[in-house]
K.L.:
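Mind looking over this structure? Questions follow.
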Protein chains: 2
Amino acid sequence: MLRIAKLTDYATLLMVRLARDPARSFSAAQLADELRIPLPTVAKLLKRLLQAHLLTSVRGVGGGYSLAHAPRAISVAEVVSAIEGPVALTECARGAGNCSLEGGCAAGSNWKLISRAVRVALEAVSLADMAMPPLQSVHVQALQEKKP
Amino acid sequence: MLRIAKLTDYATLLMVRLARDPARSFSAAQLADELRIPLPTVAKLLKRLLQAHLLTSVRGVGGGYSLAHAPRAISVAEVVSAIEGPVALTECARGAGNCSLEGGCAAGSNWKLISRAVRVALEAVSLADMAMPPLQSVHVQALQEKKP
DNA sequence: ATAAATAGGACTATATAGGTACTGTTTAGT
DNA sequence: ACTAAACAGTACCTATATAGTCCTATTTAT
Ligand code: FES
Ligand code: FES
């Protein structure tokens with residue numbers, strides 16, 4: 001399905017929560033408890049987000065996670081990429097040799113462009129936007145009125 | 001992953017092929033042979049596309065499939081929807097009760113807007129566009145230059 | 001009558017996502 | 001120094017949904 005993974009959904013919830021208090025530091029247990037997500041899953045996701053350099057961590061007693069950048073500076077696209085890899089709608093849009101029939105296929109290059117459009121849509125929304133619904137970002141507004 | 005299903009990829013290939021000769025009628029076997037896709041899979045996809053009213057069929061000897069509308073009038077979004085259901089990035093963006101934590105979640109309504117943006121991006125590209133690479137559609141052009 | 005072709009559905013095998021567990025490392029407090 | 005809190009890394013299992021196949025019925029030109 002053309003749908004983000006459930007884990008990605010969770011990850012954005014985590015990031016949005018952190019974005020509400022960018023100064024504070026949260027432990028994995030705190031977040032799991034507050035958002036009602038199983039702790040092991042939360043821990044796993046936080047690790048992946050850390051490796052993507054979207055979070056900073058402090059170890060030991062009293063440690064925890066916090067955002068690596070300002071909420072405004074982190075896009076939804078980055079969160080999605082961190083969890084499920086680069087946004088590419090088709091196999092062939094990501095690299096060579098992935099798609100079965102690269103030779104005889106006319107649609108390949110077009111899928112690349114469509115993927116880019118989707119990526120841009122996700123890049124246009126920041127965590128700061130997500131933290132305060134309903135979303136009023138001008139970027140997204142613009143994306144709405146594309147249909148003639 | 002934020003990726004269309006492989007079957008959807010195949011389906012677009014089929015539709016693009018049909019779009020090149022909108023007048024002609026193709027049998028499932030012809031398409032399978034020409035595109036190098038297993039026949040049973042092709043047959044299955046064509047059935048689904050038919051049920052979505054994107055194709056018309058003629059049974060019996062000499063029968064086959066052809067587009068139900070002009071290539072310009074069928075969007076990629078319609079093909080995607082026919083194969084894998086409506087475009088909704090999150091569970092909750094589709095209907096109520098699907099997402100685990102609708103109550104305490106702030107991001108829900110924003111995901112709906114993002115889904116819409118993606119949907120619009122897919123609606124902006126027609127089969128006629130896909131049939132002639134590289135894609136020069138003004139709609140897609142516009143979607144490219146969203147990033148400031 | 002026969003063969004070509006679609007219509008519809010049921011079934012299985014497999015890849016992937018989702019979730020869990022275990023072990024190691026760092027650090028604050030006592 | 002010792003202990004407990006918390007992150008770091010890895011490896012593994014399981015449930016689910018995708019991809020793919022098969023079978024049977026119906027329609028129609030020759
Ligand atoms: S090369 Fe991948 S769909 Fe055409
Ligand atoms: S309600 Fe589904 S992600 Fe928030």
Side-chain angles (χ1 to χ4, degrees), chain A residues 1-14 18 24-33 35-66 68 80 82-85 90-91 98-101, chain B residues 1-14 18 24-33 35-66 68 80 82-85 88-91 94 98-100:
Chain A
M1 302 264 213
L2 187 42
R3 193 195 302 174
I4 62 169
K6 203 196 288 185
L7 290 179
T8 309
D9 197 350
Y10 288 160
T12 57
L13 289 179
L14 292 170
L18 291 171
R24 265 183 72 189
S25 167
F26 292 83
S27 75
Q30 274 181 297
L31 291 167
D33 184 57
L35 298 175
R36 303 301 175 76
I37 305 173
L39 174 57
T41 300
V42 169
K44 183 189 199 174
L45 289 172
L46 290 172
K47 284 169 204 165
R48 285 206 217 170
L49 292 167
L50 180 76
Q51 287 177 332
H53 307 292
L54 298 180
L55 297 178
T56 58
S57 66
V58 175
R59 293 166 85 151
V61 179
Y65 296 90
S66 53
V80 172
I83 303 299
E84 57 192 46
T90 55
E91 300 289 333
N98 298 48
C99 192
S100 3
L101 36 139
Chain B
M1 300 267 215
L2 187 44
R3 195 195 301 172
I4 62 170
K6 202 196 289 185
L7 289 179
T8 309
D9 196 352
Y10 289 161
T12 57
L13 289 178
L14 291 170
L18 290 172
R24 265 181 73 188
S25 167
F26 291 84
S27 75
Q30 273 181 297
L31 292 168
D33 183 55
L35 299 176
R36 303 297 176 78
I37 304 174
L39 174 57
T41 300
V42 169
K44 182 189 201 174
L45 289 171
L46 290 172
K47 285 169 204 164
R48 286 206 218 170
L49 292 167
L50 180 76
Q51 287 177 332
H53 306 292
L54 298 180
L55 296 178
T56 58
S57 66
V58 175
R59 295 168 87 156
V61 179
Y65 296 91
S66 53
V80 172
I83 302 299
E84 57 191 46
L89 263 56
T90 57
E91 300 289 334
R94 198 170 54 205
N98 297 50
C99 192
S100 2

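Naming convention: chains lettered A, B, ... in sequence-line order (proteins, then strands); numbering from 1 in each chain.
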K.L.:
Checking all strands, does B:Leu50 fall into the base, sugar-phosphate, or nothing category for heavy-atom contacts under 4.0 angstrom?
P.N.:
sugar-phosphate

K.L.:
Please determine if a side-chain N or O atom of B:Tyr10 lies less than 4.0 Å away from the OP1 or OP2 oxygen of D:dT18.
P.N.:
no

K.L.:
Dump the intermediate steps for side chain to side chain contact (heavy atoms under 4.5 Å, CB included) on B:Ile83 and B:Leu49, then the final yes or no.
P.N.:
CA-CA 7 Å; B:Ile83 302 299; B:Leu49 292 167; 4.1 Å; yes

K.L.:
Check whether any side-chain N or O of A:Ser57 sits under 4.0 Å from OP1 or OP2 of D:dA6, and answer yes or no.
P.N.:
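False: A:Ser57 side-chain N/O out of range (4.0 Å or more) of D:dA6 OP1/OP2.
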
K.L.:
I want to check one thing: is the phosphate of C:dA4, taken as OP1 and OP2, less than 4.0 Å away from some side-chain N or O of B:Ser27?
P.N.:
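False: B:Ser27 side-chain N/O out of range (4.0 Å or more) of C:dA4 OP1/OP2.
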
K.L.:
Starting the side chain at C-beta, find the nucleotide from C:dG19, C:dA7, C:dT25 nearest to A:Lys44.
P.N.:
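The nucleotide sitting nearest to the side chain is C:dG19.
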
K.L.:
Step by step, work out the side chain to side chain contact (heavy atoms under 4.5 Å, CB included) result for B:Leu31 and B:Leu46.
P.N.:
CA-CA 10 Å; B:Leu31 292 168; B:Leu46 290 172; 4.0 Å; yes

K.L.:
Send over the distance from B:Leu14 CG to C:dT6 P, rounded to a whole Å.
P.N.:
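Distance, rounded to whole Å: 12 Å.
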
K.L.:
Take atom CD of B:Gln51 and atom P of C:dA7, then tell me their distance rounded to the nearest Å.
P.N.:
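Checked: the CD to P distance equals 9 Å.
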
K.L.:
With rounding to the nearest 0.5 angstrom, report the OG1 to CG distance, B:Thr12 to B:Leu14.
P.N.:
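Here the interatomic distance stands at 8.0 Å.
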
K.L.:
According to side-chain hydrogen bond (donor to acceptor under 3.5 Å, both in side chains), does anything in residues 57-66 of chain B pair up with another residue at least two apart or in another chain? List the pairs.
P.N.:
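Qualifying pairs, neighbours excluded: B:Thr56-B:Ser66.
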
K.L.:
Is it true that a side-chain atom of A:Glu84 and a backbone atom of B:Leu2 form a donor plus acceptor pair closer than 3.5 Å?
P.N.:
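Yes; judged by distance alone, with no hydrogens or angles, the pair exists.
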
K.L.:
Kindly point out which of C:dG24, C:dA7, D:dT21 is positioned nearest to the side chain of B:Pro40?
P.N.:
D:dT21

K.L.:
Find the distance between OG1 (A:Thr41) and CG (A:Leu35) and round it off to the nearest 0.5 Å.
P.N.:
12.5 Å

K.L.:
How bent is the helix from C:dA1-D:dT30 to C:dT30-D:dA1, comparing axes over its five end pairs at each side, to the nearest 10°?
P.N.:
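Taking the rotation axis at each end, their angle is 10°.
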
K.L.:
What's the closest nucleotide to the B:Val61 side chain, out of C:dT20, C:dG8, C:dA4?
P.N.:
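It is C:dA4.
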
K.L.:
Could you tell me how far apart B:Lys47 (NZ) and C:dA5 (P) are, to the nearest whole angstrom?
P.N.:
15 Å

K.L.:
Rounded to the nearest Å, what distance is computed from the CZ atom of residue B:Arg48 to the P atom of nucleotide D:dA19?
P.N.:
9 Å

K.L.:
Could you state the atom-to-atom distance from CZ of A:Arg59 to C1' of C:dT25 in whole Å?
P.N.:
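In whole Å, C:dT25 C1' and A:Arg59 CZ are 5 Å from each other.
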
K.L.:
Just how far is it from atom CG of B:Leu45 to atom CG of B:Leu50, taken to the nearest 0.5 Å?
P.N.:
12.5 Å

K.L.:
Let me spell it out: for each of A:Gly62 and B:Thr41, pick the nucleotide of DNA chain D with the closest heavy atom. Which residue's pick is nearer the 5' end?
P.N.:
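Its nearest nucleotide lies further toward 5', so the answer is A:Gly62.
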
K.L.:
Quickly work out the A:Ile83 CD1 to C:dT16 C1' distance and round it to whole Å.
P.N.:
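From A:Ile83 CD1 to C:dT16 C1': 16 Å.
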
K.L.:
Over all strands shown, is A:Ala29 touching base, sugar-phosphate only, or nothing at heavy-atom distances under 4.0 angstrom?
P.N.:
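No contact at all - A:Ala29 keeps every heavy atom at 4.0 Å or more from the nucleic acid.
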
K.L.:
Could you check whether B:Gln30 gets within reach of a base, just the sugar-phosphate, or nothing at all, counting any heavy atom under 4.0 Å?
P.N.:
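Here B:Gln30 touches no strand at all.
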
K.L.:
With a 4.0 Å cut-off on heavy atoms, is A:Ala43 in touch with a base, just the backbone sugar-phosphate, or nothing at all?
P.N.:
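A:Ala43: no heavy atom of the nucleic acid under 4.0 Å.
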
K.L.:
Please report, rounded to the nearest Å, how far the P atom of C:dA5 is from the CG atom of B:Leu55.
P.N.:
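These atoms are roughly 17 Å apart.
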
K.L.:
To the nearest Å, give me how far apart CG (B:Leu39) and P (D:dT21) are.
P.N.:
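About 10 Å, once rounded to whole Å.
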
K.L.:
Checking A:Leu55 against A:Leu18 for the side chain to side chain contact (heavy atoms under 4.5 Å, CB included) test, could you report, in this order, the C-alpha distance in whole Å, the side-chain angles of both residues, the deciding distance, and whether it holds?
P.N.:
CA-CA 10 Å; A:Leu55 297 178; A:Leu18 291 171; 3.6 Å; yes

